[in-house]
Visitor: 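My structure is below; once you've seen it, I'll send some questions.
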Amino acid sequence: MGVGKTTIGRLLAKELGYGFVDTDNVIAQATGKSINQLFTEEGETAFRKLESDVLSQVCAFTKLTISTGGGIVLRLENWGYLHHGLIVWLDAPVELIYNRLAEDSTRPLLQDADPKGKLRSLLEQRTPLYSQADLHIIEREGETPEDLAKRILEAIPSVLKTQVSH
Ligand SMILES: Nc1ncnc2c1ncn2[C@@H]1O[C@H](COP(=O)(O)OP(=O)(O)OP(=O)(O)O)[C@@H](O)[C@H]1O
Ligand SMILES: O=C(O)C1=C[C@@H](O)[C@@H](O)[C@H](O)C1
Ligand SMILES: [Mg+2]
């Protein structure tokens, strides 16, 4: 959460000449509600169902970069959809994310008495799930979104199946 999926996904799409979709944005547009409102008014379970519905539809397209919500990994069903493409785990130290999101109130799960502790526990719970991604990119201090998009693009060939020449 807050690691830069939306920001960097958009840049990657541009570099690749692909379309771009952000599942949180699609959900907000389709429902006319913010992510905060959805969590408060409908609950996290209803949000997760919407998130799977959106992913199940957008994963069918080619030449598309999809930025997801940080909790997309939680439902087993989503992994079938994610594996239509190449999955990148964008990772950053909790301290960095916490500082970035300190003034940001748009993440409902961080409206907590101890947001840093919450970030830590979410990351701990989800690490085994994020580890299922094809590519793991760890952000370095001071790296810009452009730097990260470039690094992801450079790393992608390393996880593509090597072609067998005859
Ligand atoms: N490499 C970076 N350096 C500095 N700021 C960044 C970087 N990446 C993202 N940001 C900033 O951090 C904030 C969170 O980024 P963003 O919304 O892209 O994260 P996200 O992973 O999509 O979050 P969520 O999981 O909530 O969807 C934004 O204000 C963005 O501008
Ligand atoms: O990590 C999460 O569980 C979330 C991340 C955001 O992208 C949103 O999908 C929402 O705030 C939940
Ligand atoms: Mg996002």
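Every number for a ligand or one of its atoms is a count from 1 in the order of the listing.
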Visitor: Check contact between P145 and ligand 1, using heavy atoms of the residue and a distance below 4.0 angstrom.
Guide: yes
Visitor: Below 4.0 angstrom, N of the basic side chain to O of the carboxylate: do R75 and E51 qualify?
Guide: no
Visitor: Among all the protein's non-hydrogen atoms, which is closest to atom 3 (N) of ligand 1, and how far away is it?
Guide: R100 NH2, 3.4 Å
Visitor: Can you confirm whether something in the protein, heavy atoms only, sits under 4.0 Å from atom 8 (N) of ligand 1?
Guide: yes
Visitor: Around atom CD of E15, are there more than 12 heavy atoms of other residues, nucleotides or ligands at under 6.0 Å?
Guide: no
Visitor: State if Q111 counts as touching ligand 2 under the rule of any non-hydrogen atom under 4.0 Å.
Guide: no
Visitor: Short check: is a protein heavy atom less than 4.0 Å from atom 28 (C) of ligand 1?
Guide: no
Visitor: Can you name the nearest heavy-atom pair linking I66 to L55, along with the distance?
Guide: CG2-CD1, 4.5 Å
Visitor: So for R126, does at least one of its heavy atoms come nearer than 4.0 angstrom to any atom of ligand 2?
Guide: yes
Visitor: Of the backbone atoms (N, CA, C, O) and the side-chain heavy atoms from C-beta on, which set of R107 has a member under 4.0 Å from an atom of ligand 1: side chain, backbone, both, or neither?
Guide: side chain
Visitor: Have a look at ligand 2 and work out which part of L122, if any, has a heavy atom under 4.0 Å from it: side chain, backbone, both or neither.
Guide: neither
Visitor: Identify, for atom 20 (P) of ligand 1, the protein heavy atom at the shortest distance, and state residue, atom and that distance.
Guide: K5 N, 3.4 Å
Visitor: For the pair E146 and K150, evaluate salt bridge (charged side-chain N to carboxylate O under 4.0 Å, His left out) and give the outcome as yes or no after the intermediate values.
Guide: CA-CA 6 Å; E146 288 77 11; K150 186 164 174 276; over 6 Å; no
Visitor: Taking heavy atoms and a distance under 4.0 Å, where does E44 meet ligand 2: side chain, backbone, both or neither?
Guide: neither
Visitor: Can you tell me the protein heavy atom closest to atom 19 (O) of ligand 1 and the distance?
Guide: G4 N, 3.1 Å
Visitor: Tell me whether K116 forms a cation-pi arrangement with Y98, defined as NZ or CZ under 6.0 Å from the six-membered ring centre and within 45 degrees of its axis.
Guide: yes
Visitor: Could you tell me how the ring of H136 sits relative to the ring of W89: parallel (under 30°), tilted (30 to 60°) or perpendicular (over 60°)?
Guide: parallel
Visitor: Distance under 4.0 Å to a non-hydrogen atom of F47: what atoms of ligand 2 satisfy this?
Guide: 9 (O)
Visitor: Taking 2.8 Å as the cut-off, does T7 contribute an N, O or S atom near the Mg ion (ligand 3), distance below it?
Guide: no
Visitor: Show which atoms of ligand 1 fall inside a sub-4.0 Å distance from at least one heavy-atom site of E143.
Guide: 1 (N), 2 (C), 3 (N)
Visitor: Would you check whether G2 reaches within less than 4.0 Å of ligand 1, judged by its heavy atoms?
Guide: yes
Visitor: Find all atoms of ligand 2 within a distance of less than 4.0 Å from any non-hydrogen atom belonging to D24, and give their numbers and elements.
Guide: 6 (C), 7 (O), 8 (C), 9 (O)
Visitor: Grouping I, L, V, M, F, W and Y whenever their side-chain heavy atoms are under 4.5 Å apart, do F20 and V88 come out in a common cluster?
Guide: no
Visitor: Hey, does the side chain of T23 reach the backbone of G69 with a donor-acceptor pair shorter than 3.5 angstrom?
Guide: yes
Visitor: Tell me whether T68 has any N or O atom under 3.5 angstrom from an N or O of ligand 2.
Guide: no
Visitor: Just to confirm my output: which protein heavy-atom neighbour is closest to atom 22 (O) of ligand 1, and how far is it?
Guide: T6 OG1, 2.7 Å
Visitor: Need the ligand 2 atom indices (1-based, order shown) with element for anything under 4.0 Å from a heavy-atom of I35.
Guide: 10 (C), 11 (O)
Visitor: Only one of L119, I97, D104 passes side-chain contact (heavy atoms from CB on, under 4.5 Å) with L110; say which it is.
Guide: L119
Visitor: Output, in order, the C-alpha distance, side-chain angles, deciding distance and verdict of salt bridge (charged side-chain N to carboxylate O under 4.0 Å, His left out) for K49 and D53.
Guide: CA-CA 6 Å; K49 173 80 179 65; D53 288 347; 3.1 Å; yes
Visitor: For ligand 1, which part of D24 has a heavy atom less than 4.0 Å away: the side chain, the backbone, both, or neither?
Guide: side chain
Visitor: Nearest 0.5 angstrom please: E77 CD to S56 OG, how far?
Guide: 7.0 Å
Visitor: Ignoring hydrogens and geometry, is there a side-chain-to-backbone donor-acceptor pair from D147 to T144 under 3.5 Å?
Guide: yes
Visitor: Taking the side chain from Q37 and the backbone from S34, do they hold a donor-acceptor pair closer than 3.5 Å?
Guide: yes
Visitor: Return yes when atom CD of Q57 has more than 12 non-hydrogen atoms of other residues, nucleotides or ligands closer than 6.0 Å, and no otherwise.
Guide: no
Visitor: Does any N or O in the side chain of R100 come within less than 3.5 Å of the main-chain N or O of V3, such that one atom is a donor and the other an acceptor?
Guide: yes
Visitor: Among all the protein's non-hydrogen atoms, which is closest to atom 5 (C) of ligand 2, and how far away is it?
Guide: G70 N, 3.3 Å
Visitor: Can you sort out which atoms of ligand 2 are near G69, meaning under 4.0 Å from one of its heavy atoms?
Guide: 7 (O), 9 (O)
Visitor: At a non-hydrogen distance cut-off of under 4.0 Å, which region of T144 contacts ligand 1 (side chain, backbone, both, or neither)?
Guide: backbone
Visitor: Could you list which atoms of ligand 1 come closer than 4.0 Å to a heavy atom of L148?
Guide: 1 (N)
Visitor: What is the nearest protein non-hydrogen atom to atom 18 (O) of ligand 1, stated with its residue, atom name and distance?
Guide: T7 OG1, 2.5 Å
Visitor: Okay, side chain of D24, backbone of I35: is any donor-acceptor separation there less than 3.5 Å?
Guide: no
Visitor: Of all the atoms in ligand 1, which lie at a distance below 4.0 Å from a heavy atom belonging to M1?
Guide: 25 (O), 26 (O)
Visitor: Considering only protein heavy atoms, which is closest to atom 11 (O) of ligand 2, and at what distance to one decimal place?
Guide: P108 CD, 3.4 Å
